[in-house]
Amino acid sequence: AQLKENIPKLADHEIVVEITKLIASFKYGHTSVGWSRWMQGDAPGFHQFPFHLYQFKDGVYIQGAHQDYGKAVGAKVLQIGQKGVEEAIKMVYPVVSAENSQFFKAYGLNFLTVPEILHTQKINDDLNKVSLLLEKDGQTFTMDFKASNPERFPDAYGLVKQDGAWLSARKQDPFPLWLQQLDKVYFYKHLPEQKAVYVRHSQIQNDPAESMADFYTRVFDFIEKNEVEKLVIDVRLNGGGDNTMNKDLITKVIANQQINQKGNFFVIIGRRTFSACQNLVNELDTYSNVTFVGEPTGENINFFGDNNAVRLPNSQIPIRLSWAWWQNKPPWDEREWMPPHHSVEMEFNDFVE
């Protein structure tokens, strides 16, 4: 009712952002305005600042940016527009359909790169540029970024890849295991010194080259035929997919008596662990002797998932409305995320190196 009353006084972009806040007030990650699709040519009047943010343990940094702003890459962000970065985060939080603060870090932080959102939330007055106060190599400086039409920067699982005109703060060689072979949905590597097998698994989907069932058959065949005592499955990048496919992994873990022991089976979780992958970690928690390492997940333990797409009839704003209640745990389990047994959060230098 308040929004309806205010509409005559609002610019078009402010109306859109206010509608987004209404949808976000449900606090379901699967219920949201479809910004990612809409910003790619279906959102007239909306723009983007050419930098990408990541919140590390020691602050918010520019993880990637267009080469025109190369000096800013790897800088710590102290202020956005007229607001300190922590205050800006609090002010933009209501625009994001965030189930918890981890979801916001993973999927919502870069709402701070949309000039129309910054303007509506009174973080920045200017729709054409924003000034960032930055810190890098012991120096503090201000840099202005100009707004442009939304551009699909080269990315993988929420991180800018260095490619073409876009730069990443990470050294390009060598890459850690969790950032290797990102063109594949999953891969594994034997770590003989640790008598371990490491798996990075970043979608609950079949890889075009090999089904998930066949992949884990191959992984566990290798474990049984070699001197392997430990299995590490890394799902920190895994935003979900089809949870009916989780059984192929879970049953193999349960059946392997060497792996399914405390201290032998580890799963790395994080802020992007969401949706069908939340189902996976719930089920592993219930049925196996898993040890979770990393950050809390980006989804509630029990949650509303799946969604149907609708478009508002006049504006054609795309909205996705979740409808399926997924309850892997008892109904009284109202935890906002799956916590790790051993908490490990990356600092910026961990990522760079």
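For His30 and Asp306, the side-chain atoms include no donor-acceptor pair closer than 3.5 Å. With no hydrogens or angles considered, no side-chain donor-acceptor pair links Tyr93 and Gln121 at under 3.5 Å. Thr31 and Ser97 share no side-chain donor-acceptor pair at under 3.5 Å. Asn110 and Thr113 form no side-chain donor-acceptor contact under 3.5 Å, judged by distance and modelled atom types alone.
Applying the side-chain contact (heavy atoms from CB on, under 4.5 Å) test to Asn149 and every residue at least two apart in sequence or in another chain returns His47. Taking the side-chain contact (heavy atoms from CB on, under 4.5 Å) definition, one finds that Gln181 meets it with Asp183, Lys184, Phe187, Arg200, sequence neighbours left out.
Remark: Asp350 does not engage Lys57 in a salt bridge, criterion side-chain N to carboxylate O under 4.0 Å. Salt bridge absent: Glu87 and Lys90 never bring a charged side-chain N and a carboxylate O closer than 4.0 Å. Salt bridge annotation for Arg218-Glu210: present, with a cationic side-chain nitrogen under 4.0 angstrom from a carboxylate oxygen.
Atom CD1 of Ile23 sits about 4.0 Å away from atom CD1 of Ile319, to the nearest 0.5 Å. Taken to the nearest 0.5 Å, the CZ atom of Arg272 stands 12.5 Å off from the CD atom of Gln102.
With ring centers used as reference points, Tyr54 lies under 6.0 Å from Phe56. The aromatic ring centres of Phe49 and Phe145 sit 6.0 Å or more apart. When ring centroids are compared, Phe274 and Tyr107 come within the 6.0 Å threshold.
Met338 and Val281 get closest at one heavy-atom pair: CE-O, 4.0 Å.
As a member of the Ile/Leu/Val/Met/Phe/Trp/Tyr network built from side-chain separations under 4.5 Å, Trp332 groups with nothing else and remains a singleton.
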